[in-house]
Amino acid sequence: MGAYRTRAFRLFDLIDTSKNGYLDYEDLPRAAGDPGSAEAQRARILKTFITGVTKAADSNMDTRVTKAEMISCVEKTMVGKSASGLTGYVREVTAGVFALMDADGNGKIGKSEFEKYLEAQNVTDPGAAAEFARLDRDSDGSLTLDDLHYATHRFFTAPENDVPEHWLLAAVSA
């Protein structure tokens, strides 16, 4: 199995909280009390992803998406294409994750914001913080939304194993 498929399947498994083998509306988290909380932001990210992938990938129109349907959609819409061609719902998901990280709202993510985001999402892998440097494509010490769009594209398409992924997986894990 290709590296991008392994990453996509790991994402699928994290989102499939009902463990029924499908991405569907059963996997949506319960609404949080505070609409501005990180938990509510995560819920919006998951809703955007599940709704978008269901519309794009549900080939048999049963309102559920299997791993095979999701990977088929990824291969049709992302593999062999540039990061600028990310579909709308994928761009929205990336923007949602960016907003979770951008604690001060200045439109850029500094290393300390990135590390606080990982900590808040209970990411304990020591290699996760090192992802910042690989995500920062121009090495200016901050991440932009374009950096994350590029990283999202690579998450779903790069054939190699060593692709930053903690930042995305953290946003969808419980």
With distance as the sole test, does Glu113 use its side chain to make a donor-acceptor pair with the main-chain N or O of Gly110 at under 3.5 Å? yes
Under 3.5 Å: donor-acceptor pair, side chain of Asp136, backbone of Gly141: yes
Checking the side chain of Glu115 only, and the main-chain atoms of Ala129 only, is there a donor and an acceptor separated by less than 3.5 Å? no
Should we count NZ of Lys47 as having more than 12 external heavy atoms under 6.0 Å? no
With no hydrogens and no angle check, just 3.5 Å: does a side-chain donor-acceptor pair link Asp146 and Thr144? no
Please check: side-chain N/O of Arg7 versus main-chain N/O of Phe155, any donor-acceptor pairing under 3.5 Å? yes
Short side-chain to backbone donor-acceptor contact, His153 and Lys81, under 3.5 Å: yes
Check for a donor-acceptor pair, side chain of Lys19 on one end and backbone N or O of Asp13 on the other, with a separation under 3.5 Å. yes
Could you tell me whether Glu26 and Arg64 have a side-chain N and a carboxylate O separated by less than 4.0 Å? no
Using a distance-only test with no angle check, is there a side-chain donor-acceptor pair under 3.5 angstrom linking Thr87 and Thr77? no
Do Val163 and Val79 sit in one hydrophobic cluster, given that two such residues count as connected whenever their side-chain heavy atoms are within less than 4.5 Å of each other, even indirectly? no
Checking Lys116 side chain against Lys111 main chain: does a donor-acceptor pair fall under 3.5 Å? no
Verify, without hydrogens or angle tests, whether Tyr117 (side chain) and Trp167 (backbone) share a donor-acceptor contact under 3.5 angstrom. yes
So, taking the atom named OG1 in Thr152 and the one named CE in Met78, what distance separates them when rounded to the nearest 0.5 Å? 8.5 Å
Tested for salt bridge (Lys or Arg N to Asp or Glu O under 4.0 Å) against Glu165, the lone hit among Arg10, Arg134, Arg154 is Arg10
Counting only N and O atoms by type, is there a donor-acceptor contact under 3.5 Å from the side chain of Asp102 to the main-chain atoms of Ile109? no
When the aromatic ring centroids of Tyr4 and Phe156 are compared, is their separation below 6.0 Å? no
Is Tyr22 reachable from Val74 through a run of hydrophobic residues whose side-chain heavy atoms are each under 4.5 Å from the next? no
Donor-acceptor pair, distance only, cut-off 3.5 Å: does the side chain of Asp16 make one with the backbone of Gly21? yes
